[in-house]
K.L.:
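Before anything else, here's the structure in question.
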Amino acid sequence: MSKEDSRYYEEVVAKKRMFGGKIFNVDVEQVVLPNGIPDIREVVEHHGAVAIIPFTNDGKMIFVRQWRTPLEQETLEIPAGKIDADEGSDLKEVALREMDEELGLTTDNLEKVTAFFASPGYSNERLTVFKATDLKKVEFKRPLDPDEFLNVEELTLDEAKEQIEKGVICDSKSIYAVTYWELMEAKEK
């Protein structure tokens, strides 16, 4: 639905960049609400990201364990990464780059599953999720980003669900991946 057709449209009348960073920008926008009352919106502008649901040939899913400072804990997450500003629109290539960097793996079988907005109340970050099967090792692994420290772990569905219960798998993309996996398993029965 276009903004002209929406009865909830908020007109942006002013915008100020408060922060410009490598990963995202933060803008404060003055808007006029549908009822004519002015308000303020704080908006995180993000280039978007990709995530990969990688399945091994023996029926496990691959996760990466890493420290997440905002949560002050280790997490298990599916591989993912931001789309760099200079990267084109081929999100499969971005997903393959992330698989190479984080897992040292590649595939010829990469399928888009879905795309969603991480938190549309304050951010335009769009996450595109791919399923990867028939994984194979890359000949020359790309190095991790200088600020990345992670460990690769393979989990069964039951182990992944247990990690959700423990709060170790706790981010939306990874919980989505486990739910997707569970639904796939249920369809096969």
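One-based numbering along the sequence shown.
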K.L.:
Dump the intermediate steps for side-chain hydrogen bond (donor to acceptor under 3.5 Å, both in side chains) on E125 and S123, then the final yes or no.
P.N.:
CA-CA 6 Å; E125 179 186 4; S123 176; 4.7 Å; no

K.L.:
Using only heavy-atom distances, determine whether the side chains of D100 and T106 contain a donor-acceptor pair under 3.5 Å.
P.N.:
no

K.L.:
Which pairs pass salt bridge (Lys or Arg N to Asp or Glu O under 4.0 Å) with one or both residues in residues 54-64, sequence neighbours excluded?
P.N.:
none

K.L.:
So, K3 and E10, do they make that salt bridge, N to O below 4.0 Å?
P.N.:
no

K.L.:
Between E77 and R68, is the closest basic N to carboxylate O distance under 4.0 Å?
P.N.:
yes

K.L.:
Would you sort out whether F130 and L91 count as a side-chain contact (heavy atoms from CB on, under 4.5 Å), showing the intermediate values?
P.N.:
CA-CA 9 Å; F130 294 91; L91 299 184; 3.9 Å; yes

K.L.:
Can you name the residues that form a ring pair (Phe, Tyr, Trp, His ring centres under 6.0 Å) with F24, not counting sequence neighbours?
P.N.:
F19

K.L.:
Are side-chain heavy atoms of L103 and I62 found at a separation under 4.5 Å?
P.N.:
yes

K.L.:
May I ask you to decide whether R97 forms a salt bridge with E93, counting only side-chain N to carboxylate O separations under 4.0 Å?
P.N.:
no

K.L.:
Which salt bridge (Lys or Arg N to Asp or Glu O under 4.0 Å) pairs, counting each pair once, include a residue from residues 137-148, with sequence neighbours left out?
P.N.:
E101-R142

K.L.:
Between the side chains of K136 and D108, is the shortest nitrogen-to-carboxylate-oxygen separation below 4.0 Å, so that they form an ion pair?
P.N.:
yes

K.L.:
Verify side-chain hydrogen bond (donor to acceptor under 3.5 Å, both in side chains) between T107 and D134, making sure each step is shown before the conclusion.
P.N.:
CA-CA 6 Å; T107 185; D134 301 322; 5.6 Å; no

K.L.:
Looking at every non-hydrogen atom in both residues, tell me the closest pair between I78 and A51 and how far apart they are.
P.N.:
CD1-CB, 3.8 Å

K.L.:
Decide yes or no on salt bridge (Lys or Arg N to Asp or Glu O under 4.0 Å) for K16 and E29, but give the supporting numbers first.
P.N.:
CA-CA 6 Å; K16 182 177 181 184; E29 297 179 350; over 6 Å; no

K.L.:
According to salt bridge (Lys or Arg N to Asp or Glu O under 4.0 Å), does anything in residues 174-188 pair up with another residue at least two apart or in another chain? List the pairs.
P.N.:
K161-E182

K.L.:
Less than 4.0 Å between a side-chain N and a carboxylate O, is that true for D90 and K92?
P.N.:
no

K.L.:
Suppose clustering is done on Ile, Leu, Val, Met, Phe, Trp and Tyr with side-chain heavy atoms closer than 4.5 Å. Which residues sit in the same group as Y9?
P.N.:
none

K.L.:
Test of understanding: with ring pair (Phe, Tyr, Trp, His ring centres under 6.0 Å), list the residues that count as partners of F116, not counting sequence neighbours.
P.N.:
Y176

